Amino acid sequence: MFIFLLPSLPRPGPTATPTDPNAPLPSTEAPFTFPDADVLTQAYVNTTNFHVGEMAALMTSVSGAENNFERVSGPFSFAYGVRLNANNKQCLSMVNFVSNTSCIYDPSKCTQGLSFSIWERKNFSLQEFLGARNYLSYPMQYLLSTGGDTDGHPGVALYNQGLFLVALVSTGNMYWKEKVVGSVGNFTWTNIGIRWDPTNGIEGFINDRSVFFKKTGVASTGQTTLNPPEVMIGCHKDATNLDYRYYDTGDLDELAFWERRLADNETVYFLGGYEGEQQNMSPEEFSKLLDSPDSIDLSDPVQQQEAVGALEAMTDPDYNPPVVLTNNTQATSARLRWFNTTVTNIRRVADPDDQPACINIADASKSLDLIGTMSNLMDSNRKEDWSLYLNATGRDALNLCDDLESHFDTIAQSLQCNNVTGFTVIVTKDHANLQMDKIPVQQLASARKPLSTPSYVNPSQLADTWGNRAEKVEVPNKLFSDPRCKTRTINVVSTLYNNYHNILSLPLNLSARVFNAEAKYKLLSRVIGVTLSTDPILLPSGVADPKIPRCNPDPSVLTVYPILVTLLHLDPTVILRKTLFHNDENIVYPSIRHCVWWNPELSGWDKSGCRVFTGADDYTKCSCAQAGKYAILAEEVEPAVLPAEASWMRLLRYVLYGVSALCLLLFILVVAFSGDLKEQFHLMGMTLAGTLLVASLFMVLSDLPSVRDGRHMCTAFGTVLHFLYLCAGAWVAMIGHATFNCITAGIIGGRLGCYGCLSVGITLVSVGLGYTFFLQDLGTDPRCFISFNNFPKLLFFSPQVAFCCVGLFCGVVIFFNMRTASLRNNPGISDYRSFSLGAAVFSIYFSLTWAVGTVTYLQLGLKVDLYPFFQVLNGLMGVVLLLCLGAGSSRFRMVLAGQAKRRREMLLSYARRGSGEDTRRLGSPADQRRLPPTTPPQPPTTPAAPPQAGERSWSNTSLNLN
């Protein structure tokens, strides 16, 4: 785009000289700023003698064809202009536009002079720019003509020739003609004003700035005027040659005449109240335009688009009002007044009651540019303005977003008159994105996937501008329960705000009924929103038919098929499990994430109806049962502060865990490969050993940075530790119960399956409850043990304490029953006496270890760090198990020493001395049944033969295998 400007010229006087076409091209200057003016008193309707505003409606085509030209948006507040094309010979004309007594068509009758103006928007070519000096080689293109020329035909004319603008006023016997080069902006609405009288000559103005002047006229031979009087826009003819010629290419609007030469202080009338570039208009002046019944009609799509453009320019982030925010009360008040008026103007333009009842796709797409004003106001430069506005009015930026979203929804419904369906439009600005989808309900219901908005399909300006492809709202396929809604069209309007977190004022406005008033919250995501509506069924009068349902989304359906919202975290590097080793550090990290929606009734954030569906360190996916604006809030808590672990302590516990692992592995292998140990008690011990072996491995691996730094990995390790150590506690309790039954009731087998189901089942219930009620808390512990918060860990420690209590109780009972007569007289039960005693000792040790573990992991506010003591006890768990359940068991010792065969022979010999012969080895299924009480064998009635030399007498040997 090329913009050509002349240096500012002084007001002309008698000594001013005409422009020399052979002079060098003028230099450029800064863009012109329009003077202040009262936009109402300077309007054309209040100052002119003749004015054509709506050219397309008031003038006719010279070709005789109707509407053979294009209507375009005129300068701001001037509605429509016309676009003409010289190649198509397009030109507008108005005959008898004034009476014969008016001097407008014949300047010789203008005793007080004559003034006229028109608005032009022209696109100059590069060739015209490069050939500016050879302007005579370019055709004349008339903007305006009443038939005047240099041949003596009275009238006025205004035309372009190359880059030169030429103005002419002829009285017949004399004419005044002057030209200027490069004064019209390229494809920019420019006002061209001309004032003239015989004494002072002709003077030209561009946007109320004088650009040329010529006082002396040139004599000519008088000719007749056009009869009847005729004014032409886009071409020229005279009384001698009535052929239309010299057609123009460009946009034209607002033809105005004054039957006098405008005074120096009246040249602003050329502008008709226009304030120039829209960003130079103040909110107060714009508000006056909205109040004026003859100025802006917001129900007209074109005028609404002009208002939107003015607001977007007015709210430019780089523009600051002419006040400075200081401690001065008056300056603060002035800035607040400026911002408040700006927001009020936006709300008035967005008022649904002023929207067009019917709109086409092109106009709808342009009206959606109002999102640009919200984008501008969400710039970080506006944070102080929003703070002042919130304190004064109690309204947040999202309240204005509510008004805009209602406006966009109304635009979507206004497309109904044109039977628009399957329509999608996307508008992306620096800090806001808008997408409108209009689709049949049946099409949405039959789709395989939910409707995802906004779209990131290439080409996507959103993806290119923001570098974002993840944040979205997934609208379910089913929204209505009433079958009559299936034939309707649904409007889905989504908005995404990029910078709200940088302009909001803290503390956040939260619903007191669902949020903890003492907690601190921060916004962790952008704000995304969606509105859902259906086109109403209209009566002939234009109002909605009350007999047909409005078909708003059914809340009960949304409860079953919720809206899914995916939002990225603004700070994806936030670590929810950060270990601090210095007590003087007081850093706050977000811990608990909440899915929230903006409740317009409360003007605040509300989490009722929304819940966390899933998430990770860098995003959260929400499930919500209502449409609205959504965000992620983080509840801030103090970070996990843990004392530093000495290097020697870490090395020590690694050694202990390693030794225990070898002991546990030895116990498992001996039991697994020995047929004599395949009975209930040692199998239960082997299962317990295997559980503790895997648990110890995960406890050591949980120290790895790769585990602790990843939320998912930390959660997984915490879940495994939860399951394994709780399952180990359950097996301790089951072993205690089994040995208790053995000692007190003589039951030594048959319940291994039941014990296994109970141990695993109770453990799985505990883990499942954690995922059900404390999903967001899992993986937050710096050491990756379930969670840093106490409540999720109580699901582990409560049953673990119960298991330890069962084991301790059974152990105490066993201690007090080890020397009873039934044990001494029952050789089968006496065989398990050593294992029961070892199990009781191990139960005490296991309970002591996890008593310390409970105090270690629960946040009880103790000043003593018991973590090293717990790790030493837990690290020795495998050694203690091997000593108690392995070395403490006579059967295990004999198998380990290779004496299993001798032991079986001893038991077999003892059994043969009883009621019958038993050739089955120890550990057979028969050994797992309840043994009946037996009496010691009676001595034989006949004396036995004396033993041979070297043979041991079993009759005099006590059968004590323990």
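Side chains included, hydrogens not; waters and symmetry mates left out as well; all remaining heavy atoms used. As the structure is a computational prediction, the values presented were derived from the model and not from experiment.
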Worksheet item: If you draw a 6.0 Å radius around OH in Tyr561, do more than 12 non-hydrogen atoms from other residues or ligands fall strictly inside?
Response: no
Item to complete: Measure the spacing between OG1 of Thr495 and CD of Glu405 and express it to the nearest 0.5 Å.
Response: 3.5 Å
Worksheet item: What closest approach, in Å, do Tyr619 and His569 show between heavy atoms, and which atom pair accounts for it?
Response: C-NE2, 3.2 Å
Worksheet item: For Ser375 and Asp430, which heavy atoms make the closest approach, and how far apart are they?
Response: OG-N, 3.4 Å
Item to complete: Go through the side-chain N and O atoms of Asn491 and Asp535 and say whether any donor and acceptor fall under 3.5 Å apart.
Response: yes
Worksheet, complete the sentence: Residues Pro454 and Glu471: closest non-hydrogen pair is CD-O, 3.7 Å
Worksheet item: Can you check whether Leu567's main-chain N or O pairs, donor with acceptor, with Thr620's side chain at less than 3.5 Å?
Response: no
Discussion item. Just so I know, are the side chains of Asp403 and Arg395 near enough to count as touching, which here means a heavy-atom distance under 4.5 Å?
Written reply: yes
Discussion item. Does any part of the side chain of Cys401, heavy atoms only, come nearer than 4.5 Å to the side chain of Leu404, both counted from C-beta?
Written reply: no
Worksheet item: Between the side chains of Ser525 and Tyr630, is a donor N or O closer than 3.5 angstrom to an acceptor N or O?
Response: no
Fill in: Check: Pro283 main-chain N/O paired with Thr341 side-chain donor or acceptor under 3.5 Å
no
Item to complete: Let me know which of Leu524, Leu568, Val565 forms a side-chain contact (heavy atoms from CB on, under 4.5 Å) with Ile632.
Response: Leu524
Worksheet item: Do Leu368 and Phe408 have side chains that get closer than 4.5 Å, going by heavy atoms?
Response: yes
Worksheet item: Got a donor-acceptor contact below 3.5 angstrom from the Ser787 side chain to the Asp777 backbone?
Response: yes
Discussion item. For the backbone of Lys449 and the side chain of Asn477, can you confirm whether one donor and one acceptor N or O come within less than 3.5 Å of each other?
Written reply: yes
Worksheet entry | NZ (Lys366) with more than 12 external heavy atoms under 6.0 Å | no
Discussion item. With a 3.5 Å distance limit and no angle check, can you tell me whether Asn399 reaches the backbone of Asp396 through a side-chain donor-acceptor pair?
Written reply: yes
Practice prompt. Would you sort out whether Thr315 and Asn376 count as a side chain to side chain donor-acceptor pair (under 3.5 Å), showing the intermediate values?
Written response: CA-CA 6 Å; Thr315 56; Asn376 291 343; 3.1 Å; yes
Practice prompt. Taking Thr719 for its side chain and Thr715 for its backbone only, find out whether a donor-acceptor pair lies under 3.5 Å.
Written response: yes
Discussion item. Is a donor from one side chain sitting under 3.5 angstrom from an acceptor on the other, for Asn433 and Gln435?
Written reply: no
Item to complete: Evaluate the side chain to side chain contact (heavy atoms under 4.5 Å, CB included) criterion for residues Asp253 and Tyr80: first the C-alpha distance (whole Å), next the side-chain angles of each, then the deciding distance (0.1 Å), finally the verdict.
Response: CA-CA 7 Å; Asp253 195 15; Tyr80 292 100; over 6 Å; no
Fill in: Point-to-point distance, once rounded to the nearest 0.5 Å, from CG of Asn502 to CE of Met378
11.0 Å
Worksheet entry | Asp251 CG to Trp189 CH2 distance, which is reported to the nearest 0.5 Å | 5.0 Å
Practice prompt. Check the pair Leu523 / Leu633 against side chain to side chain contact (heavy atoms under 4.5 Å, CB included), numbers first and verdict last.
Written response: CA-CA 5 Å; Leu523 197 65; Leu633 292 189; 3.5 Å; yes
Worksheet item: With a 4.5 Å heavy-atom cut-off, do Leu377 and Trp386 have their side chains touching?
Response: yes
Item to complete: Could you walk me through whether Leu451 and Ile490 pass the side chain to side chain contact (heavy atoms under 4.5 Å, CB included) test, one step at a time?
Response: CA-CA 12 Å; Leu451 174 64; Ile490 187 170; over 6 Å; no
Fill in: Val492 vs Val530, side chain to side chain contact (heavy atoms under 4.5 Å, CB included): CA-CA, chis, key distance, verdict
CA-CA 7 Å; Val492 181; Val530 64; 3.8 Å; yes
Worksheet item: Between the side chain of Ser387 and the main-chain N/O of Lys383, is any donor-acceptor distance below 3.5 Å?
Response: no
Discussion item. Could you measure the distance from the CG atom of Asp379 to the NE2 atom of His431? Nearest 0.5 Å is fine.
Written reply: 4.0 Å
Worksheet entry | Sub-4.5 Å side-chain heavy-atom contact between Thr780 and Arg711 | yes
Practice prompt. Could you label the plane-to-plane angle of the Trp605 and Trp598 rings as parallel, tilted or perpendicular, counting under 30° as parallel and over 60° as perpendicular?
Written response: perpendicular
Fill in: Nearest heavy-atom neighbours spanning Ala432 and Tyr497
CB-CD2, 4.1 Å
Discussion item. What I want to find out is whether Asp554 reaches Lys478 closely enough, with some N-O distance under 4.0 Å, to be called a salt bridge.
Written reply: no
Worksheet item: CE of Met374 to CG of Leu400: how many Å apart, nearest 0.5 Å?
Response: 4.5 Å
Discussion item. I'd like to know whether OH of Tyr771 has more than 12 heavy-atom contacts from other residues, nucleotides or ligands below 6.0 angstrom.
Written reply: yes
Worksheet item: Any side-chain heavy atom of Arg83 sitting closer than 4.5 Å to one from Arg121?
Response: yes
Practice prompt. Nearest 0.5 Å please: distance from the CD atom of Glu70 over to the CG atom of Asn88.
Written response: 11.5 Å
Practice prompt. Apply the test salt bridge (charged side-chain N to carboxylate O under 4.0 Å, His left out) to residues Arg488 and Asp482: give CA-CA distance (whole Å), side-chain angles for both, the deciding distance (0.1 Å), then the verdict.
Written response: CA-CA 11 Å; Arg488 307 285 278 276; Asp482 194 326; over 6 Å; no
Discussion item. Testing the basics here: between Asn345 and Ser287, what is the closest heavy-atom pair and its distance to 0.1 Å?
Written reply: OD1-CB, 3.5 Å
Discussion item. Measuring only between side-chain heavy atoms, which start at C-beta, is Ile563 closer than 4.5 Å to Leu532?
Written reply: yes
Discussion item. Set out, in order, the CA-CA distance, both residues' side-chain angles and the distance that settles side chain to side chain donor-acceptor pair (under 3.5 Å) for Ser380 and Asn499, then state yes or no.
Written reply: CA-CA 7 Å; Ser380 299; Asn499 205 44; 3.1 Å; yes
Worksheet item: If you take all heavy atoms of Phe480 and Cys551, which pair is closest and at what distance?
Response: CE2-O, 3.1 Å
Worksheet item: Should the SG-SG distance of Cys624 and Cys595 be recorded as below 2.5 Å?
Response: no
Discussion item. Measuring only between side-chain heavy atoms, which start at C-beta, is Leu795 closer than 4.5 Å to Phe774?
Written reply: yes
